[in-house]
Amino acid sequence: MSVKSDVIIVGGGVVGAACARELTHAGRSVVLIDDGTISGEAWRASAGMLAPQTEAEEGDHLLELGLAGREYYATRTEELSAATSVDIDLFRGGILKAARDAEEAEMLKRRVGWQRQHSHHCDWLDPVEMREQWPWLGPTEGGLWAPGDGSIDPVALVKAFRADAEARGATLIGDRIHRLDLQPDGHVLGVTGSSTYLGDHVIIAAGAWSGRLDGLPRPISVEPVRGQMIAIPWPEEALPGVYFGYGIYVVHRAGEMWVGATMEHAGFDNAITPAGAGFLLSSVSKLFPSVAGTEPIRQWAGLRPGTPDGLPIIGPEPRAPGLWYATGHGRNGVLLAGITGVLIQQLLADEPPFEDISPVRPDRFWSW
Ligand code: GLY
């Protein structure tokens, strides 16, 4: 039996679900297909930071995209929660990035400087101000304070995107898609899993697994980057929030401190390791000395879809009309999911995208 729709989305994680939400709001008929049995998806493991200013390097294309991504949640949360009754736990209280040494302090001061030159609000705090405001932190050489950064609950967000899309008519299907089907002239025909699905458009949003489909016109430059996380009790004396420092970040979630994350090239192995937990525990103990000696309550890992230049792959496949990519979001899947949905909706409608997408265009890696 085959199912026919306007748009087929392969992958129901945070990016695929966001695309389904935006496309159904634009009146498209959407089939969202996800193999719910896969373990190691990035969104399930994610802490859900919205940290464009904390994480952006100077001149980084991700800054503008990330700011738009953060703004998307600020403006859509009420609408999403009214439509779905899901609380996505949007936190907009700012993120602190502490400098562990003089070299990091200089780098963060430069970051504050160039962001301010671009009219983005962020501050540099010297070590005395740091001690006054966050006395429970370990020794620092100062810190970058990004008052607009924050966090969101990724699992709730996916639930909300899916529910909102479904309420607008999307069909959610559990299946493992293994092949893209093209017509003899190269146009998209559909995809095949345990059934065949026909559509005018196919969007590949399968995260680290995006390149594993047979029948793609070219290889997709996405590879898994493992991120291990641990949870420990949130220390009583510390203000709940989001903090970076000593090579890790921590996010407050339901009374726990989620600490992440490693960046490991281990193929599709999403195993947790003693070395991963050891690195996270020793680093968080420098940032929050009172947690030294604490045992993790849980440890888990996810596979981010990494690309060679760290930017996502969003847009059309020139060789197969009707084929679109929304993948390769690396460390920024949650932050960029909503605006990826908006961009994909605009591109399918042949509307000018609200951001310049040339830095993320799919054919930048493949000239053959
Ligand atoms: N967004 C942070 C990470 O991927 O670890």
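Remember, it's 1-based here, ligands and their atoms both numbered in the order they're listed.
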Contact atoms of ligand 1, heavy-atom distance to A261 under 4.0 Å
5 (O)

About how many Å separate CG of D126 and OG1 of T140, when rounded to the nearest 0.5 Å?
9.0 Å

Closest protein heavy atom to atom 3 (C) of ligand 1, given as residue, atom name and distance to 0.1 Å:
Y249 OH, 3.2 Å

Would you give the length of the straight line joining atom CH2 of W124 to atom CZ of R116, rounded to the nearest 0.5 angstrom?
12.0 Å

Please check if any side-chain donor atom of D175 sits under 3.5 Å from a side-chain acceptor atom of S194, or the reverse.
yes

Let me check something: do L180 and I177 share a hydrophobic cluster, defined by ILVMFWY side-chain heavy atoms less than 4.5 Å apart, either directly or through other members?
yes

Going by the atom numbers of ligand 1, which of them fall below 4.0 Å from some non-hydrogen atom of M49?
1 (N), 2 (C)

Considering only non-hydrogen protein atoms, determine which one is nearest to atom 1 (N) of ligand 1 and report residue, atom name and distance to 0.1 Å.
R331 O, 2.7 Å

How far is atom 4 (O) of ligand 1 from its nearest protein heavy atom, and which residue and atom name does that atom have?
R304 NE, 2.7 Å

Is R218 salt-bridged to E317, going by a charged N under 4.0 Å from an acidic O?
yes

